[in-house]
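In what follows, chains carry the letters A, B, and so on, assigned in the order in which the sequence lines appear, proteins first and then strands, with residues in each chain numbered from 1.
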There are 2 protein chains.
Amino acid sequence: MVEFTDIGDVPSAEVDRMRAVYQPLADSVRELVDATIRTEMDADTVAAVRAEIDAATARLRSRQIDGAFGVRYTTGGDSLAWGNPVIGVRNPIAPPLTIERDLEDARGRVFTDFHLGAAYEGPPGHVHGGVAALILDHVLGEVAAHADTPRFTGTITLRYLRTTRLGRLHAEAAITRTDGIKAYAVGHLADEDGVTVEAEGVFIQPRWARG
Amino acid sequence: MVEFTDIGDVPSAEVDRMRAVYQPLADSVRELVDATIRTEMDADTVAAVRAEIDAATARLRSRQIDGAFGVRYTTGGDSLAWGNPVIGVRNPIAPPLTIERDLEDARGRVFTDFHLGAAYEGPPGHVHGGVAALILDHVLGEVAAHADTPRFTGTITLRYLRTTRLGRLHAEAAITRTDGIKAYAVGHLADEDGVTVEAEGVFIQPRWARG
């Protein structure tokens, strides 16, 4: 069972305050992830840094939630997917993507511009094919899910036209049609030279979310 | 152009020594990523921890490689994909997976048992569908690539049977047939109650790697 967490009547200002506490921490850890992959420091320095990190982790863990972050929502309609590995502002694994909606597009087109560095590398200098899949699954899922209608991936097919260079990237998706509980979406990933990966997917409203 | 890095005649013992320096650092940062998502500490503590992390990052960055880690290989045949976001022992984003080969299986079956926690969550308590895609892309790619024949994803299709619970997971893949530059692979992801996502893909030898 997938359970979203109702955190009640939390004002948007309080949501903003919480974001301002935790988002910068995730931003800093994201930089540390990059440095961990790329550092050439000697063994003694690395061991000393590691001890500092373990101490920082212990301090953060002295008060923490059980299990994962979940997806929290407020009475006012704020939705907090802060632990999400694609868009989560509290998750250092997430680039994180900010997904924008094209309000003039009838197909509900969404798009996002972002940067991927060393942490996302598969073939040397290029984006891991599975990372392209991770991002496209999310972006297609965003366009397929209406605010009040969660839809999860049913099937998704990715076609790789060529390898995607690390650096500045763009992804977008649109709905091609809906059919009852199903939404059909297409999208692509692009680097500065154009489209690199195309995706199409069927997204399905889970049984528990059907009116 | 995808360029692998020849690091020359580095003995396996030296490769092991380097791994022993950097792998524990990545393990510690992976724990910090989890704590960053789950902590409930107050704003002042979080700010103090953040300053410590920034200092640690600066120390690691005082000597670091330009750009991403790449994929390095030695004259002796060691291959170091240590920055890889699925299997990279220096990448805190990677779970990391250890992929094993079933030596008795004619289809070259590979498999891996691993754990996914808070950093990989999509639907509350469950694995992000795109993370399932990331892992299956990698595992199918591993079975499709022979040691001397890099093969990159051509197309991959994922079918989601149900949501995958966070926790202990298993993935596996096998080749169904090869046809010149192409290899066809199938695989699946499973949680403790069975298969959750099925995958099939075509993996293609890049032009520069064809004899």
Side-chain angles (χ1 to χ4, degrees), chain A residues 2-4 21 24-26 28-29 31-33 35-41 43 46 49-50 52-54 56-57 59-61 63-65 68-71 83 85-86 90-93 118-121 123-124 126 128-131 133-134 137-138 153-160 163 166, chain B residues 2-4 21 24-26 28-29 31-33 35-41 43 46 49-50 52-54 56-57 59-61 63-65 68-71 83 85-86 90-93 118-121 123-124 126 128-131 133-134 137-138 153-160 163 166:
Chain A
V2 176
E3 290 184 73
F4 295 76
V21 170
L25 175 65
S28 287
V29 176
E31 283 296 311
L32 176 62
V33 165
T36 295
I37 297 167
R38 296 168 58 200
T39 188
E40 293 190 290
M41 293 301 284
V46 169
V49 165
R50 187 188 169 213
E52 290 166 16
I53 291 165
D54 288 344
T57 300
R59 213 162 154 199
L60 294 175
R61 286 208 191 288
R63 202 168 71 233
Q64 71 176 8
I65 56 167
F69 189 85
V71 178
V86 178
R90 283 190 61 165
N91 189 341
I93 284 188
Y120 307 95
E121 183 186 46
H126 293 76
H128 190 293
V131 170
L134 166 63
D137 171 80
H138 192 93
T153 320
T155 63
I156 187 167
T157 296
L158 300 135
R159 187 162 56 248
Y160 294 79
T163 46
L166 291 173
Chain B
V2 175
E3 289 184 73
F4 294 77
V21 170
L25 175 65
S28 287
V29 176
E31 283 294 312
L32 176 62
V33 165
T36 296
I37 297 167
R38 297 169 57 201
T39 189
E40 295 190 289
M41 294 300 285
V46 169
V49 165
R50 187 186 169 213
E52 290 165 17
I53 291 166
D54 288 345
T57 300
R59 213 162 156 199
L60 294 174
R61 286 208 191 286
R63 202 167 73 232
Q64 70 175 9
I65 57 168
F69 189 85
V71 178
V86 178
R90 283 190 60 165
N91 189 341
I93 283 187
Y120 306 95
E121 183 187 46
H126 294 77
H128 191 292
V131 169
L134 165 63
D137 173 80
H138 192 94
T153 320
T155 63
I156 187 167
T157 297
L158 300 135
R159 188 163 54 248
Y160 294 78
T163 46
L166 291 173

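Using a 4.5 Å cut-off between heavy atoms, A:Leu166 touches chain B through its side chain atoms alone. Contact annotation for B:Asn91: both backbone and side-chain heavy atoms come within less than 4.5 Å of a heavy atom of chain A. Residue B:Leu32 touches chain A through both its backbone and its side chain, counting heavy-atom pairs closer than 4.5 Å. Using a 4.5 Å cut-off between heavy atoms, B:His126 touches chain A through its side chain atoms alone. Heavy-atom distances place the side chain of B:Thr163, and not its backbone, under 4.5 Å from chain A. At a 4.5 Å heavy-atom cutoff, the contact between B:Glu3 and chain A is made by backbone atoms alone.
Annotation for A:Gly129 and B:Asp137: closest pair C-OD2, 3.6 Å, computed over non-hydrogen atoms. Taking all atoms of both residues into account, the shortest heavy-atom contact from B:Ala56 to A:Val49 is CB-CG1, 3.9 Å. Scanning both residues, A:Val131 and B:Pro85, for their nearest heavy atoms gives CG2-CG, 3.9 Å. The nearest pair of heavy atoms linking B:Ala26 to A:Thr36 is CA-CG2, 3.8 Å. Taking each heavy atom of B:Ser28 and A:Arg50 in turn, the nearest pair found is OG-NE, 2.9 Å. Closest heavy-atom contact between B:Thr39 and A:Leu60: OG1-O, 2.7 Å.
The greatest number of non-hydrogen atom pairs below 4.5 Å with chain B, out of A:Ala68, A:Pro24, A:Pro124, A:Ala119, is found for A:Pro124. When the candidates A:Tyr120, A:Tyr160, A:Phe4 are compared by the number of heavy-atom contacts under 4.5 Å with chain B, A:Tyr160 comes out ahead. The most heavy-atom pairs under 4.5 Å with chain B, out of A:Val86, A:Thr157, A:Asp54, come from A:Thr157. Highest contact tally toward chain A, considering only B:Gly70, B:Ala118, B:Ala133, is held by B:Gly70 [criterion: heavy-atom pairs under 4.5 Å]. Counting heavy-atom pairs closer than 4.5 Å to chain A, the top-ranked of the candidates B:Arg90, B:His138, B:Glu52, B:Arg159 is B:Arg90. Interface check for chain B: of the options A:Gly154, A:Ala43, A:Gly83, the most heavy-atom pairs under 4.5 Å are formed by A:Gly154. Between chain A and the residues B:Arg38, B:Arg59, B:Arg63, B:Glu40, the most heavy-atom pairs under 4.5 angstrom are made by B:Arg38.
Side-chain atoms of B:Ile37 and A:Ile93, non-hydrogen and from C-beta on, never get closer than 4.5 Å to each other. Looking at heavy atoms from C-beta onward, B:Leu25 lies in side-chain contact with A:Ile53 at the 4.5 angstrom threshold.
Atom OG1 of B:Thr153 sits about 7.5 Å away from atom NE2 of A:His128, to the nearest 0.5 Å. For the atom pair CE (B:Met41) and CD (A:Gln64), the distance works out to 10.5 Å, reported to the nearest 0.5 Å.
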